[in-house]
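One structure below.
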Amino acid sequence: MDTWKQRNSRIRPCPCFSLPATGVLDSDSCPPPSPQRPDQELTCSWGHRPRSALDRAEAMAPPPPPPLAASTPLLHGEFGSYPARGSRLALTLTPQALHIQRLRPKPEARPRGGLVPLAEVSGCCTLRSRNPSDAAAYFCIYTYPQGRRGGRRRAARTFRADGAAAYEENRAEAQRWATALMCLLRGLPLPGDREITPELLPRPPRLLLLVNPYGGRGLAWQWCKNHVLPMISEAGLSFNLIQTERQNHARELVQGLSLSEWDGIVTVSGDGLLFEVLNGLLDRPDWEEAVKTPVGILPCGSGNALAGAVNQHGGFEPALGVDLLLNCSLLLCRGGSRPLDLLSVTLASGSRCFSFLSVAWGFVSDVDIQSERFRALGSARFTLGTVLGLATLHTYRGRLSYLPAAVEPASPTPAHGLPRAKSELTLAPAPAPAPPVAHSPLHRSVSDLPLPLPQPALASPGSPEPLPILSLNGGGPELVGDWGGAGDAPLSPDPLLPSPPSSPKALLSPITEGVPEMPASSGLPPPTPDALGAISTGGPPDHLLPPLGTPLPPGWVTLEGDFVLMLAISPSHLGADLVAAPHARFDDGLLHLCWVRGGISRAALLRLFLAMERGSHFSLGCPQLGYAAARAFRLEPLTPRGVLTVDGEQVEYGPLQAQVHPGLGTLLTGPPGRAGQDP
C-alpha cells in the first residue's frame with residue numbers, strides 16, 4: 001500500500017482554490033500559494049483517485065478566479081458516495097462551503113448540488129456500517145437548502161471514507177472531516193500545527209428550551225417537535241424542554257433556576273415568552289449575573305419581531321412562518337451572541353419592567369391588543385387588525401419628551417433616510433453579592449434522555465446521552481432513509497467523542513406524549529393591565545430619569561399635540577415583516593423614537609405601513625412622520641382613555657418613562673451575515 005506521503009504527493013490541492021461557476025476543481029496551474037493563517041490547516045485526505053480522473057476534471061475547468069480568503073481550502077480528499085452507486089467524489093472544505101465534484105463515472109461540467117454553503121448546514125455526524133466486513137467509515141452532513149420557491153427542506157448527504165484497508169484509519173479520516181465541519185459551524189479555529197481530532201470540540205452546549213404550546217395559532221409544540229428538536233439534535237446540542245402552562249410561568253421558572261447548569265435559555269414562541277424570561281432573570285437577587293445568561297428566540301408566535309431582526313442580522317432574506325423558524329434554528333445551531341440593549345420602563349403606579357422590543361401608544365398598541373381575538377389567524381391577525389384600525393382611526397393628545405442621543409445613530413442608506421424633525425421641537429423646563437439561588441425542580445420537561453415515545457431510537461453523535469426519539473420534518477432520521485438504501489448495509493451512529501460522566505437526572509421527568517389539552521379559546525387569555533406581575537425589584541438604577549411627575553432636567557426635548565401613534569423601539573423590527581428602524585442594531589445603545597402626528601390620512605398611514613415592510617417608510621417624505629434617537633423618554637397621555645403596550649403586552653394606562661441600558665442582556669444571534677455586519 002502507498003504511504004500517506006506518496007498519496008499526498010499525487011493530490012496537492014492549491015491553497016488559492018476556488019470552485020468556478022461550473023463546479024469543477026482546478027488543482028494545477030495556480031498562482032503561488034498565499035500565506036496560511038495560523039488558525040487554518042491545509043491538509044489532504046486518503047485520495048487514491050487515478051491521475052487520469054483528476055486530469056479529466058481539470059481539463060473541463062475554466063481558469064480560477066483571484067484567490068479569496070473565503071475560498072481557501074482547509075481539507076481536500078476523495079470519497080465514495082452512499083448509498084453506493086460506484087460514484088467517486090472530490091470534496092473540498094473551505095471556511096464558507098463544502099464543494100463536491102463528481103470524479104467517476106464521469107466528471108460533471110455543471111454539477112447539481114456541488115456547493116453546500118455552511119450557512120445551510122445544521123450539523124454532521126460520523127457513522128459506521130452494521131456489516132462487520134465493511135472497513136469503510138462514513139460521515140453525514142445535514143443541510144437545509146432553499147428551494148426554487150424559497151422554502152427550506154431538509155437533506156442529508158453521506159460520504160464514504162474508504163481510502164485505507166483498516167477501519168480505524170478510515171474512521172479517523174471521517175472524524176477529521178466531521179470535526180473540521182463542526183469547528184467551522186461553531187466558529188472555532190482549526191489548528192495550523194497539529195492534527196484535527198475530535199478533542200478540539202468542547203462539550204455540547206446545554207440549552208433550556210421553553211415552549212408556549214399555545215403560541216401563534218397553537219402550532220408551537222408541533223413545530224417544535226417537527227423542526228426545532230430535530231435540527232438542534234443534528235447540531236449536537238444538548239437540551240431540556242419545558243412546556244409553559246400559564247401566563248408568567250416562564251418568569252417563575254427562571255427565578256428558581258440554577259443558571260450555572262445552562263449555556264442558554266431559548267424560548268420557542270412569540271415575543272411574549274422572552275419578555276417573561278428576561279424579567280424573571282432581572283427579578284432574581286443575583287440579577288447582575290443572571291441577566292448575562294444568553295437568551296434566544298425561535299419564532300412560533302404571531303408577531304416574531306425579535307426573530308425578524310435576528311434573521312436579518314444573520315444575512316437571510318425576510319421570511320415568515322416555518323421558513324423564519326428554520327432560519328433562526330440554523331443560526332442557533334451555529335452559536336454566537338451579541339449584547340442586547342434593554343429598556344427599563346417605569347409605569348404610573350411606580351412598578352418597573354424591562355423591555356427588549358418596544359413601547360407603543362396609539363395605533364400600534366390598539367392593533368396589537370384589539371387583534372388578540374383573531375389569534376387563531378397567526379400573523380394575519382395584524383393585517384386584519386390594521387384594516388379595522390384604519391377604519392376607526394383615532395388621534396390621542398399627549399406629551400412626548402426625550403433625552404437626545406449624544407451621538408448620531410449609524411447613517412441609514414439613502415432609501416432609509418430619516419426625517420429631520422428638529423424644526424418642530426421645543427425645549428421643556430427645565431448591590432452586595434447574593435447567595436446562590438436554590439435549584440427548583442423542572443416539571444413537564446423533555447430532554448435528550450431516552451423517552452417512551454413510539455419511534456425507533458436514535459443516538460446523537462457527540463451528545464452525552466441519546467437524543468429524543470423524534471420525527472424529522474415528517475420523515476424521521478430512520479436508518480433506511482438517511483443512512484441506508486436498497487442493497488446497502490444500514491449505518492449506525494459512531495460518536496465523535498466518548499460520553500462524559502452523566503449528571504444527576506433526578507430533577508427531570510419525561511413529558512407525556514402530545515400537547516396538553518387546549519383551552520376552549522384559541523390561545524391565551526387577552527392581556528390584562530396586571531399581566532406583568534409583581535413590581536420588579538432588580539435591575540440597574542435609572543440614572544437618567546427623575547421620578548415621574550417631577551420636572552425634567554435641562555437638555556430634554558418635548559413635543560405636545562395630537563398623535564396617531566408613538567413607538568419607542570430598540571431592535572430594527574416591529575414584526576417579522578415590519579422594519580420600523582432599519583438602521584438599528586441590538587447593541588447600539590439607542591432608543592429609536594417614531595411618531596405620527598394627527599392630520600395624516602388613512603391612505604398615507606397605510607402607505608407608511610406598506611413601506612415599513614421594506615424599511616423604506618422614512619423615504620416617503622411624510623410630513624406627519626417624526627423620528628429621534630434617544631437615551632430616555634417620558635410619555636404623558638393627555639387623553640383619558642387609550643392602550644399602552646410594552647413588548648406587545650398591555651400595561652396600565654397613564655404616564656410612563658423609560659431609559660435604555662446598553663448591552664445589559666445577551667442575545668443568541670448566530671454569526672452575522674452581510675446584512676448583519678457592523679458598519
Side-chain angles (χ1 to χ4, degrees), residues 4-5 8 36-47 72-77 79 91-95 98 118 121-129 135-142 158-164 166-207 232-239 260-264 294 332-337 448 458-467 491-503 671:
W4 184 89
K5 291 184 178 179
N8 189 31
Q36 185 180 343
R37 298 203 306 268
D39 61 341
Q40 294 177 340
E41 178 184 49
L42 178 61
T43 184
C44 185
S45 180
W46 306 111
T72 302
L74 306 174
L75 291 176
H76 177 76
F79 291 84
L91 304 186
T92 301
L93 180 64
T94 72
L98 177 66
L118 297 189
V121 177
S122 62
C124 63
C125 67
T126 55
L127 308 163
R128 70 171 303 172
S129 174
Y138 302 81
F139 74 95
C140 176
I141 63 172
Y142 302 100
T158 304
F159 306 98
R160 174 186 173 101
D162 53 6
Y167 168 73
E168 290 303 324
E169 293 182 70
N170 291 325
R171 179 175 184 261
E173 184 67 2
Q175 287 185 337
R176 189 162 68 108
W177 278 77
T179 300
L181 271 166
M182 292 303 295
C183 286
L184 293 176
L185 292 176
R186 295 185 181 177
L188 302 173
L190 292 177
D193 55 352
R194 56 192 175 94
E195 283 295 315
I196 300 176
T197 61
E199 285 71 24
L200 293 174
L201 296 173
R203 66 165 178 81
R206 188 159 183 82
L207 302 177
I232 64 175
S233 301
E234 295 161 0
L237 305 182
S238 185
F239 66 90
S260 61
E261 298 180 11
W262 311 100
D263 297 303
L332 177 68
C333 292
R334 298 287 301 275
S337 62
D448 50 359
L458 172 67
S460 168
S463 291
E465 300 187 32
L467 286 163
L491 307 179
S492 58
D494 182 18
L496 282 175
L497 290 173
S499 298
S502 58
S503 55

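Scope of the values below: all heavy atoms of this structure, side chains included, with no hydrogens, waters or symmetry mates. Treat the numbers as computed from the prediction; the structure is a model and nothing was measured.
- Note: W177 and F79 meet the aromatic proximity criterion, with ring centroids under 6.0 Å apart.
- Looking only at distances, a side-chain donor or acceptor of D263 sits under 3.5 Å from a matching main-chain atom of R206.
- Side-chain atoms of L188 and P202, non-hydrogen and from C-beta on, do get closer than 4.5 Å to each other.
- The minimum heavy-atom distance linking T94 with P73 is given by the pair CG2-CA, 4.3 Å.
- For the atom pair CG of L93 and CG of L181, the computed distance is 5.0 Å after rounding to the nearest 0.5 Å.
- In plain terms, the two heavy atoms of S122 and E234 that are nearest each other are OG-OE1, 2.8 Å.
- With sequence neighbours left out, the side-chain contact (heavy atoms from CB on, under 4.5 Å) criterion links S337 to T666, L668.
- Scanning both residues, S233 and F239, for their nearest heavy atoms gives OG-CE2, 4.0 Å.
- Across T72 and P95, no two heavy atoms sit closer than the pair O-CD, 3.1 Å.
- I196 places none of its side-chain heavy atoms less than 4.5 Å from the side chain of L74.
- For the pair D162 and A136, the tightest heavy-atom approach, listed with the atom from each and the gap, is CB-CB, 4.0 Å.
- For the side chain to side chain contact (heavy atoms under 4.5 Å, CB included) criterion with V121, the lone passing option out of L98, L184, L185 is L185.
- Side-chain contact between L190 and T179: absent, with no pair of heavy atoms (C-beta onward) separated by less than 4.5 Å.
- A donor and an acceptor atom, one from each side chain of E195 and T197, are nowhere located under 3.5 Å apart.
- The closest donor-acceptor contact from the side chain of N170 to the backbone of A164 lies under 3.5 Å.
- The NE2 atom of H76 lies 8.5 Å from the CG atom of L91; values are rounded to the nearest 0.5 Å.
- In this structure, CE in M182 is found 12.5 Å from CG in L200, a value given to the nearest 0.5 Å.
- Residues meeting the side-chain contact (heavy atoms from CB on, under 4.5 Å) test with A235, sequence neighbours left out: L237, C333.
- The two residues R176 and L75 have their closest heavy-atom pair at NH1-CD2, 3.4 Å.
- For the atom pair CG (L207) and CH2 (W262), the distance works out to 9.0 Å, reported to the nearest 0.5 Å.
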